[in-house]
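When a residue number appears, it is its place in the shown sequence, counting from 1. One-based numbering, in listed order, for ligands and for the atoms of each. Side chains are part of it too, since the values below use all heavy atoms of this structure and drop only hydrogens, waters and symmetry mates.
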Amino acid sequence: MSFPNDRPRRLRASPPLRRLVAQTRLAAADLVLPVFVKAGLTEPVAVPSMPGVQQHSLESLRKAALEAVSVGVGGLMVFGIPAQKDATGSGADAEDGIVQQALRVLDAEVGSELVLMADLCLCEYTDHGHCGPLGGEGATATVDNDATLVRYAQVAVAQVAAGAAVIAPSGMMDGQVGAIRAALDAAGFADRAILAYSAKYASAFYGPFRDAAESAPAFGDRRTYQMDPANSDEALREVRADLEQGADLVMVKPAGPYLDIVRRVADAVDVPVAAYQVSGEMAMIEAAAATGGIDRDRAIEESLVAIRRAGADIVVTYWATEVADRLTLGTSAPASG
Ligand code: PBG
C-alpha cells in the first residue's frame, strides 16, 4: 500500500484555510446593479419572469439606489421605459425623457458614492423594438447602422448631460463607440467613460429582460447585429475595434454561458473587463431554487465567482445588492458553506 505525498486536501480542511487560499473573491465594489425605471409609474411594478426585479418609479428607484450604496455596490446600470415609443426612439434623448429624469435624481442622490452608468440602446424606445431606426421595407427592413450612430451620439450627450458618468452602448452597431466618443468630446464631456458591450451575443437568455424593458422586437430578431453564439474569434475583433475607437472598459454578454469568451478577452486586453450576468441566467437559478433543486444563495455566489474566475473584473448582476449585503455581513455562502 503506498500513500500519497501530495495531499491537496490539507488546504481544504477548514473554512479559514479555504478562505486564506481562495484565488477569487467577490467584492461589493465589483458589482453593478441593472435598474429599470418606467415613465408614469407612481408605484414599482414586479417583473414576473425576474423574481425580485421591478420596474421602478422615480421614487422607488431612488430608494433602491440608496440601498445599493448602503451595502457598497460599485455601480448602477440604468434602463428606461418611455411613455411613448416611435420609429426613431425619440424618448431616449428627450430632455424630460425618463432616463434623463432618473439620471438627474440618481446623480444628486448617489452620484458621488457609486458609478452611474446609462445603458445606451434604442430598443426600449422604438415602436418596432429594434436597436435603431430601420432602413428598407417589409421583409428587407433592418436596422440602418449609420442612421443609428447619429441617434446614439445624441442619446449619449443627453445621458451624460443628465449625470451619467459612464455610457454603455449595447446596440452592436459598427462604429458606435467612435461615434459616441466623438460626440461626447465635442460636447465638452471628454471626461466621461465608455463601457462598450463589445461582445454581445444574439442570446435566448435575454428573454426575461425584454419583459422588464418592454423591448422585444416586433418582428424578426437581433441576429443581423448581435453576435452569433458560434463565434469566438469575432469577439476579439469586436473588442479590438472598440478599444481603437476609444472604449475605456469592455464587456462580454451573457456571462455564464460565455466564460470562454470572458477568459479570451481578459487575456487579450489591459483595460477592465466586465461581464453581464443576464436576465435568463438569473431566472434559471431562481426557477431551479424555487422547485427545490438547488441551494439558491450558494448557486448565486458560485455563478458570480465563476464569472470573476474566468477573468471578469466587474460583474453586472441583478443580485448585486443582495450579494453585496451578504458580503458586507460576512455571511456569504462560499465562506460559510
Ligand atoms: C439592450 C439590452 C438588452 C439587454 C441589455 N441591454 C436586451 C437585448 O439586447 O435584447 C439584456 C439584459 C438581460 O437580459 O438581462 N439592447
Side-chain angles (χ1 to χ4, degrees), residues 31-37 47-55 75-82 85 89 91-92 98-99 117-126 128-133 142-143 145 148-149 151-152 155-156 159 164 166-173 176-177 180 194-229 238 250-258 274-287 300 303-304 307 312 314-320:
L31 305 179
V32 173
L33 177 71
V35 289
F36 303 99
V37 57
V47 180
S49 53
M50 298 175 72
V53 174
Q54 296 164 323
Q55 292 179 328
L76 292 181
M77 176 79 80
V78 186
F79 295 87
I81 305 132
K85 304 186 185 225
I98 186 62
V99 159
M117 305 180 176
D119 179 89
L120 195 170
C121 196
L122 290 172
C123 58
E124 302 99 318
Y125 302 91
T126 53
H128 45 73
H130 279 284
C131 300
T142 186
V143 177
N145 193 90
T148 302
L149 296 184
R151 292 290 296 126
Y152 284 3
V155 177
Q159 289 177 335
V166 175
I167 296 299
S170 64
M172 290 302 283
M173 296 302 132
Q176 63 184 12
V177 171
I180 290 167
I194 298 176
L195 162 58
Y197 284 75
S198 299
K200 177 173 175 180
Y201 287 85
S203 174
F205 293 102
Y206 305 152
F209 169 95
R210 293 176 186 173
D211 284 349
E214 301 178 16
S215 65
F219 66 92
D221 54 40
R222 306 207 201 289
R223 284 181 235 210
T224 65
Y225 40 104
Q226 297 180 350
M227 284 179 53
D228 184 341
E238 289 280 4
V250 294
M251 185 145 71
V252 174
K253 177 184 169 193
Y258 294 83
Y276 196 138
Q277 183 182 53
V278 303
S279 56
E281 297 177 67
M282 79 89 84
M284 284 194 299
I285 290 179
E286 294 284 3
I300 288 172
S303 70
L304 293 170
I307 294 164
I314 299 162
V315 186
V316 183
T317 172
Y318 296 96
W319 292 307

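Side-chain atoms of T148 do not come within 3.5 Å of backbone N or O of G132 as any donor-acceptor pair. Not one N or O on the side chain of E281 forms a donor-acceptor pair closer than 3.5 Å with the backbone of P254. In terms of modelled atom types and a separation under 3.5 Å, the side chain of Q159 and the main chain of A156 share no donor-acceptor contact.
For ligand 1, the atoms lying closer than 4.0 Å to a non-hydrogen atom of D119 are 6 (N). Counting the atoms of ligand 1 from 1 in the order shown, those under 4.0 Å from a heavy atom of Y318 are 12 (C), 13 (C), 15 (O). If you number the atoms of ligand 1 from 1 as listed, the ones under 4.0 Å from a heavy atom of K253 come out as 2 (C), 3 (C), 4 (C), 5 (C), 6 (N), 11 (C), 12 (C). Each of the following atoms of ligand 1 lies closer than 4.0 Å to a heavy atom of C123: 1 (C), 16 (N). Contact atoms of ligand 1 toward F79: 5 (C), 6 (N) (distance under 4.0 Å to a heavy atom of the residue).
Partners of R210 according to the salt bridge (charged side-chain N to carboxylate O under 4.0 Å, His left out) rule, which considers only residues two or more places apart in sequence or in another chain, do not exist here. For I300, the side-chain contact (heavy atoms from CB on, under 4.5 Å) partners two or more places apart in sequence, or in a different chain, are I285, R296, L304, W319, E322, V323, R326.
There is a side-chain donor-acceptor pair under 3.5 Å between Q277 and S303.
Looking at atom 12 (C) of ligand 1, its nearest protein heavy atom turns out to be F209 CD1, 3.3 Å. S279 OG, 2.7 Å is the protein heavy atom nearest to atom 14 (O) of ligand 1.
For the ligand labelled ligand 1, residue S170 lies inside the 4.0 Å heavy-atom shell. Contact between K200 and ligand 1 is present, with at least one heavy atom of the residue lying under 4.0 Å from the ligand. Look at Q277 and you'll find every heavy atom at least 4.0 Å from all atoms of ligand 1. For Q226, the heavy-atom gap to ligand 1 drops under 4.0 angstrom.
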Hey, mind stepping through L122 and R151 against side-chain contact (heavy atoms from CB on, under 4.5 Å) and telling me if it holds?
CA-CA 9 Å; L122 290 172; R151 292 290 296 126; 3.8 Å; yes
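Both cation-pi conditions hold for K200 and Y206: the charged atom is under 6.0 angstrom from the six-membered ring centre and inside a 45 degree cone around its axis.
With a heavy-atom cut-off of 4.0 Å, C121 touches ligand 1 through its side chain alone.
Taking the six-membered ring where the residue is Trp, Y318 and F36 present parallel rings, their angle staying beneath 30° rather than reaching 60°.
For the pair E124 and ligand 1, the shortest N or O to N or O distance does not fall below 3.5 Å.
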